[in-house]
Amino acid sequence: MARTISCEELAKLCADNKIEILDVRTPMEYHEVHITGAKNIPLDQLDPGDVMASRDENEGPLYVVCRSGSRGGKACTAFEAAGFTNVVNIEGGTMAWEKAGLPVVRSQRKVISLERQVRIAAGMLSFLGGASAILLNDPRYAGLSAFVGAGLVFAGITDTCGMGLMLAKMPWNRVNGSSAEARTCTP
C-alpha cells in the first residue's frame, strides 16, 4: 500500500526542500487548477519506468496527486508494481490542497471533472435505455440501463472505471499543446 502525506505536511516540506509533484489527472483538469509546480502526466498515459528514468535516484520521494486521492493511489500502485517504492500519495488530492489555502495555479476556464462526466454519461445512458424501453415498448432497450448499472457496480467494487478511462481520452479532456514541463514545488 502506498505511503501518504497530508497537504499541510507536504507544504512544510516544499518550504524547505526541492520536491517533485506529479499530477495524474486529465490535462483539462490540470489546466483548470493545479498545485504550483506540479507536472502533469495523465494516469492513462503514465509509464512509471519513463518517469523514474528521468529522475535522479537521490532526488527524494515523488509525490503524486489527483483530484481527491483515488487516481493518485492507483498511480502509486503502478509505480510500486514497477519496482519503484519511493512514491507518496497526497491525501485528499488537489481538492484538499486548495481547501487548505495552499498555492495553486488557476485557469479562467472552468471544466467539468472526470467524475462528473462519468455521472452525466451514466445517467444519460440509463435514462435513454429506460425511456426507450417504455416509449418504444421494447424491453430490449432496458439492456442499456442494465449494462450501465453493471458497469457502475464493477467500478465501485474494483475502483476502476472503464467509462472514466474512455472519457479521459475524449478531445474535450485534452489541452492544446504538450503536457506541462517538469517543475519543482515553490509555494
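Since this is a predicted model, take the numbers as computed values, not measurements.
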- Output yes when E8 and K12 qualify as a salt bridge under the 4.0 Å nitrogen-oxygen rule, no when they do not. no
- Donor on one side chain, acceptor on other, E91 and T4, under 3.5 Å: yes
- Message: Could you check whether any side-chain heavy atom of L46 comes within less than 4.5 Å of a side-chain heavy atom of V51, counting everything from C-beta outward?
- Response: yes
- Message: Side chains of T26 and E29 only: does a donor on one sit below 3.5 Å from an acceptor on the other?
- Response: yes
- At their closest point, which heavy atom of G69 faces which heavy atom of C66, and how far apart are they? N-SG, 2.9 Å
- Query: Which atom names give the shortest non-hydrogen contact between G164 and V118, and what distance separates them?
  - Reply: CA-CG2, 3.6 Å
- Look only at the side chain of Q45 and the backbone of P42, and say whether a donor-acceptor pair between them is shorter than 3.5 Å. no
- Query: N40 versus H31: any side-chain heavy-atom pair under 4.5 Å?
  - Reply: no
- Message: Working to the nearest 0.5 angstrom, can you tell me the gap between L22 CG and N89 CG?
- Response: 11.0 Å
- Over all heavy atoms of both residues, which pair between C14 and W97 is shortest? Give the atoms and the distance, please. SG-CH2, 4.4 Å
- Message: Rounded at 0.5 Å granularity, tell me how far CD in Q117 sits from CE in M163.
- Response: 11.0 Å
- Query: Side-chain contact, heavy-atom cut-off 4.5 Å: F79 with T85?
  - Reply: no
- At what distance, to the nearest 0.5 angstrom, does CD1 of I90 lie from OG of S68? 12.5 Å
- Non-neighbouring partners of D138 that pass side chain to side chain contact (heavy atoms under 4.5 Å, CB included), sequence neighbours left out: R140, Y141
- Query: Can you tell me how far the CG atom of L144 sits from the CZ atom of F127, to the nearest 0.5 Å?
  - Reply: 12.0 Å
- Message: If I take atom CG from residue L125 and atom OG from residue S145, how far apart are they, to the nearest 0.5 angstrom?
- Response: 8.5 Å
- Do F147 and I120 belong together in a cluster built from hydrophobic side chains that touch within less than 4.5 Å? no
- Item | Minimum-distance pair of heavy atoms, taken over all atoms of R3 and N86 | NH2-OD1, 2.9 Å
- Message: Check this for me: does any side-chain nitrogen of one of D23 and K39 sit under 4.0 Å from a carboxylate oxygen of the other?
- Response: no
- Would you kindly confirm whether I19 and I35 end up in one hydrophobic cluster when ILVMFWY residues are joined by side chain heavy atoms under 4.5 Å apart? yes
- State plainly whether one hydrophobic cluster holds both L43 and L167, where clusters connect Ile, Leu, Val, Met, Phe, Trp and Tyr through side-chain heavy atoms under 4.5 angstrom apart. no
- Query: Are M95 and I5 connected, step by step, through hydrophobic side chains (Ile, Leu, Val, Met, Phe, Trp, Tyr) whose heavy atoms are closer than 4.5 Å?
  - Reply: no
- Message: Name the residue from L102, I21, V88 that meets the side-chain contact (heavy atoms from CB on, under 4.5 Å) definition with L10.
- Response: I21
- I112-M28 co-clustered via ILVMFWY side chain contacts under 4.5 Å: no
- Could you state the interatomic distance from CG (L114) to CZ (R67), rounded to the nearest 0.5 Å? 9.5 Å
- Hey, are the side chains of K169 and D44 touching, using non-hydrogen atoms and a 4.5 Å cut-off? yes
- Message: Give me the atom names and distance for the closest heavy-atom approach of T94 to V65.
- Response: N-CG2, 3.5 Å
- Task: For residues A133 and P139, report the shortest heavy-atom separation together with the two atoms involved.
- Result: CB-CA, 4.4 Å
